[in-house]
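Worksheet: one structure, shown below.
Reminder, nothing fancy here: chain letters follow the sequence lines and each chain counts from 1.
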2 protein chains.
Amino acid sequence: MDTPWLDRRQLRAWIRLRAVLELLPGALDAQLRRDSDITEFEYFVLAVLSEAPERTLRMTELAARTNATLPRLSHVVTRMERRELVERFPCPEDRRATNARLARTGWDTLRRAAPGHVATVRHNVIDTLTDEQVDQLADIGDALLARLDPAGTMSAIYTRHDRPDGEEPDPGRGSADGA
Amino acid sequence: MDTPWLDRRQLRAWIRLRAVLELLPGALDAQLRRDSDITEFEYFVLAVLSEAPERTLRMTELAARTNATLPRLSHVVTRMERRELVERFPCPEDRRATNARLARTGWDTLRRAAPGHVATVRHNVIDTLTDEQVDQLADIGDALLARLDPAGTMSAIYTRHDRPDGEEPDPGRGSADGA
DNA sequence: CAGAATCGGTTGTCGCGACAACCATCATAA
DNA sequence: TTATGATGGTTGTCGCGACAACCGATTCTG
């Protein structure tokens, strides 16, 4: 356990990363709560569901893709169900399992929330970086996730199907916006 | 409000960043809780205090440097006081104010916790990146914090006094480790 | 030197996430 | 078949953070 201390340059990077870790989630959350009355996590749940076939996913799978524990997800979905953002129904093939499906209200909420959320992400992240830095950030993210999420459960979601859109769940294409 | 959608490269960066935001804090927290029975935030409070002159800081200042709201800090310090990690005493100059001082136990706890914490940071972050990426990360962090923390309250802490150590609060030098 | 506004901090309530305990279902093997 | 263990989920309790309400001390204003 004789790990060397961090040198100045490493420390510089770490301190900044730590600060971002502390501040950014709050900023994103605040905007969504204020403008759409949902959590960033709830937004993410809606987004993930909206990407799934039939807009339906088993709880376990949904938990994995959102990096939630099952208990946490269960609680969250219970609340979301109350607001009719999602629906829960037993899985026909496996009677232990439960499916979560994006409800109409959830889809609408997501669509309405998306633009503001994207704007916030742009404002706080993307637009503050050069194009080069954006790519560097992606590579750095890959490196970190190799440790944090070896299975790639979190990041694979959107990159899997190779589309120009992703986290932002597509309102803007498809039936919306009359594009 | 006609913010353009994220293009593929931007999305790639954002998704990864988001995943890191979700996973990294938990990883750090888990290690500290397990090995030293303190939160990452408590660790940080200890670290910040240990860097302050007299190992003492006013609550407001401590809150600013740890990016906590005052109520939150007050609660945290209450608990830490119970475990004798810190002490609170009224500020002589301003009788509204309260000072928080690092207690003996807190210092010891910090010193014992530091190596494992550093190792975790290395394992999950620093050692997964090239030297070049470490610098890139620092620059990216600067860019993001320009928005998130314009006053620089969070990141200024350690860079201000220009030392080779920083977040990691110095055990390792001084009387520890018998170096 | 009143009175008002402001500052510094604490306390109370509420909502969310972690963890453990629990129940039901499916798979496996004797 | 029935035990055994694993899988999929839910529920209960606890601890922490956000927000609002509050109080004493201080500064500002006339």
Side-chain angles (χ1 to χ4, degrees), chain A residues 21-34 36-45 56-83 85-101 153, chain B residues 21-34 37-46 56-83 85-101 153:
Chain A
L21 251 38
E22 186 82 38
L23 297 170
L24 188 48
L28 299 173
D29 226 71
Q31 180 270 326
L32 277 172
R33 292 187 112 98
R34 178 165 42 76
S36 304
D37 196 39
I38 53 174
T39 305
E40 209 269 341
F41 182 74
E42 290 172 337
Y43 179 92
F44 195 51
V45 169
T56 301
L57 239 35
R58 277 156 71 149
M59 292 294 283
T60 303
E61 183 61 20
L62 185 55
R65 297 199 190 183
T66 55
N67 185 47
T69 59
L70 216 31
R72 175 183 179 190
L73 182 63
S74 187
H75 281 137
V76 171
V77 169
T78 300
R79 289 171 230 139
M80 294 178 78
E81 206 173 12
R82 238 175 260 142
R83 296 189 284 160
L85 298 175
V86 299
E87 301 158 353
R88 235 181 324 201
F89 62 95
C91 175
E93 295 100 347
D94 186 338
R95 282 168 42 194
R96 296 171 293 182
T98 307
N99 281 325
R101 180 170 45 205
T153 325
Chain B
L21 252 38
E22 187 82 37
L23 297 170
L24 188 48
L28 299 173
D29 226 71
Q31 180 271 326
L32 277 172
R33 292 187 111 98
R34 179 165 42 76
D37 196 39
I38 53 174
T39 305
E40 209 269 340
F41 182 73
E42 290 172 336
Y43 179 91
F44 194 51
V45 169
L46 294 177
T56 301
L57 238 36
R58 279 158 67 152
M59 293 293 283
T60 304
E61 182 61 19
L62 185 55
R65 297 200 190 182
T66 55
N67 184 46
T69 59
L70 216 32
R72 175 184 179 188
L73 182 63
S74 186
H75 281 138
V76 171
V77 168
T78 300
R79 290 171 230 141
M80 294 178 78
E81 206 173 12
R82 238 175 260 142
R83 296 190 283 158
L85 299 175
V86 300
E87 301 157 355
R88 239 184 319 203
F89 61 95
C91 176
E93 295 101 348
D94 187 338
R95 283 167 42 192
R96 294 172 295 182
T98 306
N99 281 325
R101 180 170 44 205
T153 326

Within the structure provided, determine whether Leu21(B) and Leu21(A) are in side-chain contact (heavy-atom separation under 4.5 Å). yes
Nearest-nucleotide wise, let me know which of Ala97(B) and Val76(A) is further upstream toward the 5' end of DNA chain C. Ala97(B)
In whole Å, I'd like the distance from the CD atom of Glu22(A) to the C1' atom of dA18(D). 14 Å
For the pair made of CE in Met59(B) and C1' in dG24(D), what is the distance, rounded to whole Å? 16 Å
Counting just side-chain N and O atoms, does Thr69(B) come under 4.0 Å of either OP1 or OP2 of dA18(D)? yes
If you check every side-chain atom of Leu70(B), which of dA18(D), dT26(D), dT10(C) has the closest atom? dT10(C)
For dT10(D), take OP1 and OP2 only and decide whether either is under 4.0 Å from a side-chain N or O of Arg88(A). yes
For Tyr43(B) and dC16(D), give me the distance from atom OH to atom P, rounded to whole Å. 20 Å
Under 4.0 Å, heavy atoms only, any strand: does Ser74(B) hit a base, just the sugar-phosphate, or nothing? base
Would you mind reporting whether Thr78(B) and Arg88(B) have side-chain heavy atoms less than 4.5 Å apart? yes
Would you kindly give the CD-to-P distance between Glu93(A) and dG8(D), to the nearest whole Å? 13 Å
Taking CD1 from Ile38(B) and C1' from dG15(D), how many angstroms apart are they, rounded to a whole number? 16 Å
Closest to side chain of Pro71(B), choosing from dA20(D), dT25(C), dT11(D): dA20(D)
Nearest-neighbour nucleotide for the His75(B) side chain, dG12(D), dG12(C), dT10(D) considered: dG12(C)
Below 4.0 Å: OP1/OP2 of dG8(C) and any side-chain N or O of Arg95(B): no
Rounded to whole Å, the CZ-C1' distance (Arg82(B) to dT10(C)) equals 13 Å
Distance test, side-chain N/O of Arg79(A) to OP1/OP2 of dC16(C), below 4.0 Å: yes
Might you point out which heavy atoms bring Thr39(A) and Leu32(A) nearest each other, and give the distance in Å? O-CD1, 4.2 Å
Of all heavy-atom pairs between Arg72(A) and Asn67(A), which one has the smallest distance, and what is that distance? NH1-O, 4.4 Å
Atom CG of Asp37(A) and atom C1' of dG15(C) are separated, to the nearest Å, by 13 Å
Less than 4.5 Å apart, any side-chain heavy atom of Arg79(A) and any of Leu85(A)? no
Which of the following nucleotides, dT11(C), dT10(D), dC16(D), is nearest to the side chain of Arg33(B)? dC16(D)
Donor-acceptor pair under 3.5 Å, Arg96(A) side chain vs dT7(D) base: yes
Nucleotide nearest Asp94(B) (side chain, heavy atoms from C-beta), chosen from dG8(C), dT10(C), dG17(C): dG8(C)
Judged by nearest nucleotide, the residue sitting upstream toward the 5' end of DNA chain C, Glu42(A) or Pro92(A), is Glu42(A)
So Cys91(A) and Met59(A), do their side chains get closer than 4.5 Å, heavy atoms only? no
Atom CG of Leu73(A) and atom P of dG17(C) are separated, to the nearest Å, by 10 Å
